[in-house]
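In what follows, a structure is listed as structure tokens, so that the remarks can point back to it.
Just the heavy atoms: all of them, side chains too, but no hydrogens, waters or symmetry mates, feed the values below.
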Amino acid sequence: MAKVAKLPKVSEPPIARAHRIVTDANVEGWLGGNIHHIVAFIDGLHATQGLTGDIAEIGIHHGRLFFVLAAAARGDESCFAIDLFDHQELNVDSSGQGSKDTFLAHAENLFPELLPRLRLLAGDSMGLTLTYLRERIPTKGIRIFSIDGGHTSIHAINDLIIAQELLLGGGLVLLDDYFGPHWPGVTEGFFKFMSEHNRRLAPLLIFENKLFLTTFSEHSQILGAAEVYLRNLFGEAFDIRWKYTEVCGFRALSFG
């Protein structure tokens, strides 16, 4: 009897695996069904370019997005989880009710491999200084930075300034609730940041309730690569669902 050849096992990409796990485990948080594709795209671009840097998120809740972002970390890269956690008396707009115990339980039970690179910073991002953060970043900066903390205009401006100063060239910023009808302060804060404080960030994509930004010098190159990636991902639906628009003078792709 002829032997049947065994097919090689296809390993699940880490970011896709993290997305599956947080979905199956019903980890609380806010995460569009396709955001992990954007994270995988930018992480692949960074790998090709040899770009190394840490992962950070302001506003963790219970980690639904954070764990997907953290799955992109490799080598000696750290993952910074910045949240009020149990200091909810500082949560002036009730934009999240995160629990440190719940978050850490998810990390220990679902992503134990993450624990050695996990760095918790508990407190209001308004109290963070760039000196304090830079002293704790083991690499040259942050390459993926999610902003999903306080949803007031002041918080949005503050957190975008922090991201701008720590982001590596070609890195990615994810701003949650851009044009979200329940949180107009985020959009107000974004436009104030762009007009009064921005010196190096450029809008890239508008997708699933988030605005993605990258650094100005790398913007054109990354936007072109993003179009190729999204055309392959969405197929014929790309020309129906995506269009080029302009945000604060920058060309960006928008999903609708």
Quiz item: What are the two closest non-hydrogen atoms of Gly170 and His46, and how far apart are they?
Solution: O-NE2, 2.9 Å
Practice problem: Taking the side chain as every heavy atom from C-beta outward, state whether Phe80 and Leu121 have any atom pair closer than 4.5 Å. | Solution: yes
Self-check item: Salt-bridge present (Glu28, Arg64; N to O < 4.0 Å)
Solution: no
Quiz prompt | 4.5 Å side-chain heavy-atom contact, Val27 and Ile21 | solution = no
Quiz item: Can any side-chain N or O of His151 pair as donor or acceptor with the backbone N or O of Gly149 at less than 3.5 Å?
Solution: yes
Quiz item: Once the angle between the rings of Trp242 and Phe234 is folded into 0 to 90°, is it parallel (under 30°), tilted (30 to 60°) or perpendicular (over 60°)?
Solution: perpendicular
Quiz item: From His106 NE2 over to Asn26 CG, what is the distance, rounded to the nearest 0.5 angstrom?
Solution: 9.5 Å
Quiz item: So do Glu113 and Phe111 actually touch side chain to side chain, heavy atoms under 4.5 Å?
Solution: yes
Quiz item: Are Leu114 and Phe67 side-chain neighbours, meaning at least one heavy-atom pair lies under 4.5 Å?
Solution: yes
Practice problem: Provide the full list of salt bridge (charged side-chain N to carboxylate O under 4.0 Å, His left out) pairs with a residue in residues 182-210, sequence neighbours left out, each pair given once. | Solution: Glu165-Arg199, Asp176-Lys210, Glu188-Lys192
Exercise. State the CZ-CG distance between Phe190 and Asp159, to the nearest 0.5 angstrom.
Key: 14.0 Å
Less than 3.5 Å apart, which donor and acceptor atoms pair up between the side chains of residues 217-224 and the rest of the protein, not counting sequence neighbours?
| unit_1 | atom_1 | unit_2 | atom_2 | d |
| --- | --- | --- | --- | --- |
| Glu218 | OE1 | Thr215 | OG1 | 2.5 |
| His219 | NE2 | Pro203 | O | 2.7 |
| His219 | NE2 | Arg251 | O | 3.0 |

Quiz item: Has Glu236 got more than 12 heavy atoms of other residues, nucleotides or ligands less than 6.0 Å from its CD?
Solution: no
Self-check item: Chi angles and distances behind the side chain to side chain contact (heavy atoms under 4.5 Å, CB included) call for Asp54, Arg119
Solution: CA-CA 11 Å; Asp54 296 317; Arg119 307 287 184 267; over 6 Å; no
Quiz item: Would you say Glu77's side chain and Gly53's backbone share a donor-acceptor pair under 3.5 angstrom?
Solution: yes
Practice problem: Over all heavy atoms of both residues, which pair between Leu205 and Ala226 is shortest? Give the atoms and the distance, please. | Solution: CD2-CB, 4.4 Å
Quiz item: Are Leu110 and Leu31 connected in a single hydrophobic cluster, I mean Ile/Leu/Val/Met/Phe/Trp/Tyr linked by side-chain heavy atoms less than 4.5 Å apart?
Solution: yes
Quiz item: Is the number of heavy atoms from other residues, nucleotides or ligands under 6.0 Å of Phe191 CZ greater than 12?
Solution: yes
Quiz item: Shortest non-hydrogen contact from His61 to Trp30?
Solution: CG-CZ3, 3.7 Å
Quiz item: How long is the gap from OG on Ser99 to CG on Asp83, to the nearest 0.5 Å?
Solution: 9.5 Å
Exercise. Please round to the nearest 0.5 Å and tell me the distance separating atom NZ of Lys243 and atom OG of Ser254.
Key: 7.0 Å
Self-check item: Heavy-atom side-chain contact between Leu172 and Ile42 under 4.5 Å
Solution: yes
Practice problem: For Leu130, look at atom CG and say whether over 12 heavy atoms of other residues, nucleotides or ligands are found less than 6.0 Å away. | Solution: yes
Self-check item: Interatomic distance, Ile55 atom CD1 to Ser146 atom OG [nearest 0.5 angstrom]
Solution: 11.0 Å
Practice problem: For Thr214 and Gly171, indicate whether the former's side chain and the latter's backbone hold a donor-acceptor pair under 3.5 Å. | Solution: yes
Quiz item: Should the pair Arg143 and Phe145 be classed as cation-pi, given the thresholds of under 6.0 Å to the six-membered ring centre and 45° from the axis?
Solution: no
Self-check item: Considering all heavy atoms, the nearest Phe238-Glu227 contact
Solution: CZ-CG, 3.8 Å
Practice problem: Could you grab the distance from atom CG of Leu213 to atom CG of Leu167, nearest 0.5 Å is fine? | Solution: 9.0 Å
Quiz item: Should Asn198 and Ile161 count as side-chain neighbours, where that means a heavy-atom distance under 4.5 Å?
Solution: no
Quiz item: Are Phe41 and Tyr244 grouped together when hydrophobic residues (ILVMFWY) are joined by side-chain heavy atoms under 4.5 angstrom apart?
Solution: yes
Quiz item: Going through the distances and angles, do Val22 and Phe66 end up as a side chain to side chain contact (heavy atoms under 4.5 Å, CB included)?
Solution: CA-CA 10 Å; Val22 298; Phe66 179 83; over 6 Å; no
Quiz prompt | Side chain proximity check, Asp148 to Ile58, heavy atoms < 4.5 angstrom | solution = no
Exercise. Could you pull out the closest heavy-atom pair between Gly180 and Asn209, with the gap in Å?
Key: CA-OD1, 4.1 Å
Practice problem: Could you walk me through whether Arg117 and Asp76 pass salt bridge (charged side-chain N to carboxylate O under 4.0 Å, His left out), step by step? | Solution: CA-CA 8 Å; Arg117 65 176 80 241; Asp76 295 329; over 6 Å; no
Exercise. Compare all side-chain heavy atoms of Phe207 with those of Leu174 and state whether any distance is below 4.5 angstrom.
Key: no
